[in-house]
Peer 1: 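Got a structure here, written out as C-alpha cells. Questions coming.
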Amino acid sequence: MNAEGRRLLSDLLPVLASVMESGTFIGGVEVDTFERRFARLHRVGHAVAVNSGTDALRLVLRGLGLPRGSVAITVANTFVATVGAVVSEGLRPLLVDVGDDENIDPEALRRAITPDTGVVIAVHLRGWPARVDVVRRICDEHGVPLVEDCAQAVGATAGGRPVGGFGVAGCFSLHPLKNLGACGDGGVVVTEDGGLAAELRLLRNHGLADRDTVVRWGENSRLDAVQAAMLNVKLRHLPAWNERRGELAAIYRERLAGLPIAPPPSGDDRTHVYHRFCVRTPGRDGLRAHLAAAGVETAVHYPVPIHQQPAAAGGGVLVADGGLPVTERQSREILSLPLHPALTSRQITYVAEQIHEYYDRLSTVAGMRHETGGHR
Ligand SMILES: Cc1ncc(COP(=O)(O)O)c(C=O)c1O
C-alpha cells in the first residue's frame, strides 16, 4: 500500500468504528448522507442507494412498470449485467451496434426503435459518455424512457452536465473496482422523478410502506451503513482521483501517438473519466503477449460480445437488422492498459515504452522479410 492508500485507510477506520458504535447497520444517517451528496453531485432531486449496480438497473426497469416482454434496446459490448438485468426483469433485449467511440450508435438506435420499444439503456462504457443528447432526443421523439448505465462513468460529463441526469434514471455501480468503489458491493440510482424514487425505496425494502404493511412485492437490496460511511469518505476524493486518471491517460496519449493504435475517444463536449484506458489495434493478441512477458497486466473488456455468449444461444436476445459488425470487430481489437490513480507516471511511461518496443520489433521483422523476399 502506498502513502496515499495508508492515509485513506486512516480516514476510513475511525468511520468504520463509529458505525460499529452506533449499532445502525442498515439505513440510517450514513446512507441518507450518501444519497443526499450523490444527488447533489449529479444535480438531480433524488438518489436511492441499493445493493449493486445490477440491482440499480433491475429495480429501475421494474419501477418503470413496463409490460412484460417489452423490448429494451441496448448494446452488446457491455458488462453482462446491463443485458442480464433486462432478461431478469422479463423484458426482451434488442442489441444495436456501436459507433467508433464504442458506445451506442444513435443512427443504429434510430433504425431499431419501434412502437414495441419499452426502454432504451445507454451505457457510458469505460468512462466515456454515450451521445446522450442525441439518444435522448430520439427517445423523446418516440415517447420511450431513457435509462443510463453509468456503472463505469461516475463523474463523467456531457455538455458540462454529469451523466446520470439525462434520462429518467441513471444507474451506478459502487463495486470496489469502480472509480468510486465501496469495500464490497453497492449501487445507486439518480433520478429527477420523485415518484420513481419513492417506488425504488419500496422495491429495495420488500415493498414495505411501514414496518408491517407490504404494498408491493419487493426485495432486499439496501446499501449497508458501513459501505455508505466509507463511500462518504471516498466521495470527497473522487474529483482528484478522476483528475489523476486523466493525467495518466494524457501521458499514454502523448507517448503512444504515431503508433498504429487507436486511442480512447476524446474531444467535443464530453469528458472521459478513464475507468479504463482502452486502445484498439488489429494486432491486439501479439501486443498483449508482449506486454505480459514484460510484466504488464492488461485485460480485454469485453472479448465476447453479449449476443455471442453461450447464454444468448438459447434465444431471447434480439440483434438489430444487419447484425453488429462494428461491435464484433472492436471486440477483436480492444485492449485495456493499466490505469488507476495509484499508478505513477513512471509506470505508465514504462508500459508505453514496452508498446514502442513491440512495434519496433514488428517493423524490424517486417523489414527482414522484405529483404529476404518473405517467409515460406
Ligand atoms: C456497464 C456495467 N453495468 C452494470 C454493472 C453492474 O454493477 P455491479 O457489479 O455493481 O452489479 C457493471 C459492473 O461491472 C458495469 O460495468
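Each ligand, and each atom within it, is numbered from 1 in the order the structure gives. Numbers here simply count residues along the sequence, with the first being 1.
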Peer 1: For atom 16 (O) of ligand 1, what is the closest protein heavy atom, and at what distance to 0.1 Å?
Peer 2: Q152 NE2, 2.9 Å
Peer 1: Judging by distance only, is a nitrogen or oxygen of H175 under 3.5 angstrom from one on ligand 1?
Peer 2: no
Peer 1: Scan N51, D55, T54, D185 and name whichever one has a side-chain hydrogen bond (donor to acceptor under 3.5 Å, both in side chains) with S221.
Peer 2: D55
Peer 1: Which bit of D149 gets closer than 4.0 Å to ligand 1, counting heavy atoms only: side chain, backbone, both or neither?
Peer 2: side chain
Peer 1: Only one of L109, L66, I73 clears side-chain contact (heavy atoms from CB on, under 4.5 Å) with T117; which?
Peer 2: I73
Peer 1: Which residue from S173, A56, C171, G181 reaches closest to atom 10 (O) of ligand 1 through any of its heavy atoms?
Peer 2: S173
Peer 1: Report yes if the distance between the aromatic ring centroids of F172 and H42 is under 6.0 Å, otherwise no.
Peer 2: yes
Peer 1: Can you report which non-hydrogen protein atom sits closest to atom 15 (C) of ligand 1, along with the distance?
Peer 2: A151 CB, 3.4 Å
Peer 1: Can a donor-acceptor pair be found between the side chains of Q152 and H124 at a distance below 3.5 Å?
Peer 2: no
Peer 1: Quick test of your reading of the structure: of K178, H301, H275, whose heavy atom lies closest to atom 13 (C) of ligand 1?
Peer 2: K178
Peer 1: Side-chain donor-acceptor pair under 3.5 Å between E30 and N232, yes or no?
Peer 2: yes
Peer 1: Under 6.0 Å from the six-membered ring centre of Y274 and within 45° of its axis: does the NZ or CZ of R126 meet both?
Peer 2: no
Peer 1: Using a 4.0 Å cutoff against the non-hydrogen atoms of T78, which atoms of ligand 1 qualify?
Peer 2: 1 (C)
Peer 1: Identify, by atom number and element, the atoms of ligand 1 in contact range of G53, meaning under 4.0 Å from any of its heavy atoms.
Peer 2: 6 (C), 7 (O), 8 (P), 10 (O), 11 (O)
Peer 1: Report yes if A81 has an N/O atom closer than 3.5 Å to an N/O atom of ligand 1; otherwise report no.
Peer 2: no
Peer 1: Are V135 and L94 joined in one hydrophobic group, where the rule is that I, L, V, M, F, W and Y side chains link up if heavy atoms are under 4.5 Å apart?
Peer 2: yes
Peer 1: Considering only heavy atoms, which of V50, T54, D185 lies nearest to atom 11 (O) of ligand 1?
Peer 2: T54
